[in-house]
Amino acid sequence: MMAPARKKLFIKTYGCQMNVYDSERMRDVLAPLGYEPSEQPDGADMVILNTCHIREKAAEKVYSELGRLRPLKEEKADSGAPMTIAVAGCVAQAQGEEIMRRAPVVDLVVGPQTYHKLPELIAQTHRSRGERLETEFEPVEKFDALAGNRKVAGYSAFLTVQEGCDKFCTFCVVPYTRGAEWSRPVDQIVAEARQLASKGVREITLLGQNVNAYHGEPPAGHEADGVWGLGRLLRHLAMIGGLDRIRYTTSHPNDMDDELIAAHGELECLMPYLHLPVQSGSDKILHAMNRKHTFESYARVIEKVRAARPDIAISGDFIVGFPGETDADFEATMQGVREINYASAFSFKYSRRPGTPGASLPMQVDEAVASERLTRLQALLEDQQTAFNGSQIGRRIPVLFERKGREDGQLHGRSPYLQAVHCDAPDHLIGRIAEVAITGSTRNSLTGELDAKASAA
Ligand code: SAH
Ligand code: SF4
Ligand code: F3S
């Protein structure tokens, strides 16, 4: 068979890690057609924007990027070759028709569950006929078809185990863009994890919009168990040789079951870091958000996790300015943050998303008020993060070195708590775990010295 002609593929990824994973898989699925990854869109044969719809700003970026791509597409056409432009991801799912109408520069719109069909869709586009919009919900087919050989770059990799969400928080578009909750079978996940380990990956992060709601078909020989939860899956993956670190994200407080919490106390490879969003400290607001938990029940979950793994770093997400949020509700959030004490966190101003129940609620919060609240919340969270990083000074911690650092002779790695670590170290430690004595910290990173006596694993 003749090798296909070389073509340049540029993918721009927005949004969450699940999109990062999907972009990698799109690269894999297009590689046999001759598409090679390119760092910039200029001159590319294929451009894919893998989009995010979570907040208004995220969604708007798509249209401005398409505006920038137009002249590049024209230039490419002048040189005698077409540039095919595809919009993928959550904006594609939510606004497929609108994109086609508003942006004629787009050749193709593909929703998150149809990436395995890309080769066929591209062929159809080139023949200028057939569907240009492909946004069904069939996660089963997607993962069956994408399960092939993964190209691996680096020592830390994402692995999607669950997609979609049935929770319908009133502010959130995810249940509409990613569809119903669905878990990949255990055997499929194990096969992919083994493949990653055999290619030198040391750390995997299991992904799902609601990863701890995982309920997958058990592996062959365990049919009698019924579906497996995330705790059980983690125990199983922990046995794969070469995988020294396992993480998972993102979780919902109501799905932190006892088996999963216990795993944090038992599995050495399960990293002591938990991203567990609470969104607000006010029960009234949590109720309006349809979160189905109180702040108290959230705090109890954290307490249990800390009992199982005392050094665990807790991270979270917050929304300020949800409709109806009063000063007192916001103060409850501030108080909640003081009570939990976060190692890191993300916080956002509420963004009204069309089609979600929150968008039509009365008492939308004034923009200036929400901004002021966000500033105060972020200052508190930053103080906590700085303090957490500072608490590592004087400790020796295992660091997985991932790549060269910015300065000569320096490597960049990650602590078990997901902190960035900069340290003078020889290149041959890239891809390995070594003990580092932490000597300094900032809000965003740690610095340290390689323990000369300790041998790298
Ligand atoms: N599945 C995850 C997170 C989904 S989106 C979970 O359940 O926690 C990531 C974060 O974006 C959310 O935790 C929330 O804090 C934020 N977010 C989602 N919709 C938003 C909106 N309409 N406005 C502002 N922030 C939002
Ligand atoms: Fe969105 Fe809520 Fe589902 Fe998370 S749990 S993805 S915030 S609807
Ligand atoms: Fe964004 Fe879709 Fe992820 S809306 S956050 S890319 S699931």
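What you are looking at is a predicted structure, and each value in this text was computed from that prediction instead of being measured.
Side-chain contact between Arg291 and Pro253 is present, with heavy atoms from C-beta onward closer than 4.5 Å. Met18 has its side chain out of reach of Val174: every pair of non-hydrogen atoms, C-beta onward, lies at least 4.5 Å apart. Two residues are said to be in side-chain contact when any heavy atoms from C-beta on lie closer than 4.5 Å; Gln392 and Ser441 fail this criterion. With a 4.5 Å cut-off on side-chain heavy atoms, Asn290 and Phe171 do not count as touching. The side-chain heavy atoms of Trp182 and Gln113, taken from C-beta on, include no pair separated by under 4.5 Å. Using a 4.5 Å cut-off on side-chain heavy atoms (C-beta onward), Leu159 and Leu207 make no contact. Residues Gln124 and Leu108 have side chains not in contact (no heavy-atom distance under 4.5 Å, counting atoms from C-beta outward). Taking 4.5 Å as the limit, every side-chain heavy atom of Cys90 sits out of range of all side-chain heavy atoms of Tyr14.
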Pair Lys7-Met46, side-chain contact (heavy atoms from CB on, under 4.5 Å): steps then yes or no
CA-CA 8 Å; Lys7 285 169 265 178; Met46 176 89 202; over 6 Å; no

Start with the C-alpha distance between Trp228 and Ile189, add both sets of side-chain angles, then the distance that settles side-chain contact (heavy atoms from CB on, under 4.5 Å), and finish with yes or no.
CA-CA 12 Å; Trp228 279 20; Ile189 294 164; over 6 Å; no

Dump the intermediate steps for side-chain contact (heavy atoms from CB on, under 4.5 Å) on Lys304 and Asp258, then the final yes or no.
CA-CA 9 Å; Lys304 276 197 200 170; Asp258 289 343; 3.2 Å; yes

Check the pair Asn444 / Gln385 against side-chain contact (heavy atoms from CB on, under 4.5 Å), numbers first and verdict last.
CA-CA 8 Å; Asn444 294 316; Gln385 182 169 330; 3.6 Å; yes

Between Ser282 and Asp329, is the side-chain hydrogen bond (donor to acceptor under 3.5 Å, both in side chains) condition met? List the steps.
CA-CA 5 Å; Ser282 152; Asp329 294 318; 2.9 Å; yes

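If you take CG on Leu118 and CG on Leu33, they are separated by 9.5 Å, rounding to the nearest 0.5 Å. Note: Ile285 CD1 to Thr170 OG1 = 9.5 Å, rounded to the nearest 0.5 Å. The OG1 atom of Thr160 sits 8.0 Å away from the CD atom of Gln209 when rounded to the nearest 0.5 Å. In this structure, the separation between CG on Leu270 and CG on Leu237 is 10.5 Å, given to the nearest 0.5 Å. Between the CZ atom of Arg150 and the CD atom of Glu192 there is a distance of 5.0 Å, given to the nearest 0.5 Å. Rounded to the nearest 0.5 angstrom, Met100 CE and Asp107 CG are separated by 8.0 Å.
Judged by distance alone, with hydrogens and angles left aside, the side-chain atoms of Tyr35 form no donor-acceptor pair with the main-chain N or O of Phe10 at under 3.5 Å. Of the possible donor and acceptor atoms, one in the side chain of Lys284 sits under 3.5 Å from a partner among the backbone N and O of Gly324. Looking only at distances, a side-chain donor or acceptor of Lys73 sits under 3.5 Å from a matching main-chain atom of Met83. Distance alone, capped at 3.5 Å, places no donor-acceptor pair between the Glu325 side chain and the Val320 backbone. Looking at Asp45, its side chain does come within 3.5 Å of a backbone N or O of Lys8 through a donor-acceptor pair.
Scanning all heavy atoms of the two residues, the minimum distance from Pro323 to Val365 falls at CA-CG2, 4.4 Å. For the residue pair Ala92 and Val109, the shortest heavy atom distance occurs at CB-CG1, 3.6 Å. The minimum heavy-atom distance between Ala213 and Asp255, with the atom names listed, is CB-OD2, 3.5 Å. Here the closest heavy-atom approach between residue Thr177 and residue Pro112 is recorded as O-CG, 3.9 Å. Annotation for Leu243 and Val201: closest pair CD2-O, 3.6 Å, computed over non-hydrogen atoms. Heavy atoms only, all atoms of each residue included: Gly200 and Tyr155 are closest at O-CD2, 3.4 Å.
Using a cutoff of 4.0 Å between basic side-chain nitrogens and carboxylate oxygens, Glu203 and Arg414 are not scored as salt-bridged. The residues Arg373 and Asp327 are annotated as salt-bridged, a charged nitrogen and a carboxylate oxygen being separated by less than 4.0 angstrom. Salt bridge present: Glu98 and Arg102 bring a charged side-chain N and a carboxylate O closer than 4.0 Å. Between Arg55 and Asp317, no side-chain nitrogen of the basic residue sits less than 4.0 Å from a carboxylate oxygen of the acidic one, so the salt-bridge criterion is not met. Ion pairing of Glu56 with Lys349 is absent here, as no side-chain N (NZ or NE/NH1/NH2) approaches a carboxylate O to less than 4.0 Å. Ion pairing of Arg27 with Glu24 is absent here, as no side-chain N (NZ or NE/NH1/NH2) approaches a carboxylate O to less than 4.0 Å. Salt bridge Arg202/Asp244: present, at least one basic N to carboxylate O contact under 4.0 Å.
Under the side-chain contact (heavy atoms from CB on, under 4.5 Å) criterion, Ser251 pairs with Val211, Asn212, Tyr248, Met256, Leu274, Leu276, not counting sequence neighbours. Residues passing the ring-ring contact (aromatic ring centres under 6.0 Å, His included) test with Phe158: none are found, sequence neighbours excluded. Shown here are the side-chain contact (heavy atoms from CB on, under 4.5 Å) partners of Thr386, two or more places apart in sequence or in another chain: Arg443. Partners of Phe168 according to the ring-ring contact (aromatic ring centres under 6.0 Å, His included) rule, which considers only residues two or more places apart in sequence or in another chain, are Tyr176. In this view, Thr13 and Ile11, Asn19, Val20, Ser23, Asn50 satisfy the side-chain contact (heavy atoms from CB on, under 4.5 Å) rule, not counting sequence neighbours. For Ser445, the side-chain contact (heavy atoms from CB on, under 4.5 Å) partners are Ala420, His422, Thr442, not counting sequence neighbours.
Crowding of Glu217 atom CD: a count of heavy atoms from other residues, nucleotides or ligands under 6.0 Å not exceeding 12. The environment of Arg406 atom CZ is sparse: at most 12 non-hydrogen atoms of other residues, nucleotides or ligands sit within 6.0 angstrom. The local environment of NZ in Lys404 is sparse, with at most 12 non-hydrogen atoms from other residues, nucleotides or ligands closer than 6.0 Å. Taking a 6.0 Å sphere around CZ of Arg338, one finds it holds more than 12 heavy atoms contributed by other residues, nucleotides or ligands. Around NE2 of His287, the count of heavy atoms belonging to other residues, nucleotides or ligands within 6.0 Å does not exceed 12. Counting non-hydrogen atoms of neighbouring residues, nucleotides and ligands closer than 6.0 angstrom, the CD atom of Glu36 exceeds 12 such neighbours.
Taking the six-membered ring where tryptophan is involved, the planes of Tyr298 and Phe295 are tilted, since the angle between them lies from 30° to 60°.
In this structure, the ring of Phe318 has its center less than 6.0 angstrom from the ring center of Tyr342.
Figure legend: Arg25 and Tyr115 shown without cation-pi pairing, the cationic atom not lying both under 6.0 angstrom from the six-membered ring centre and within 45 degrees of its axis.
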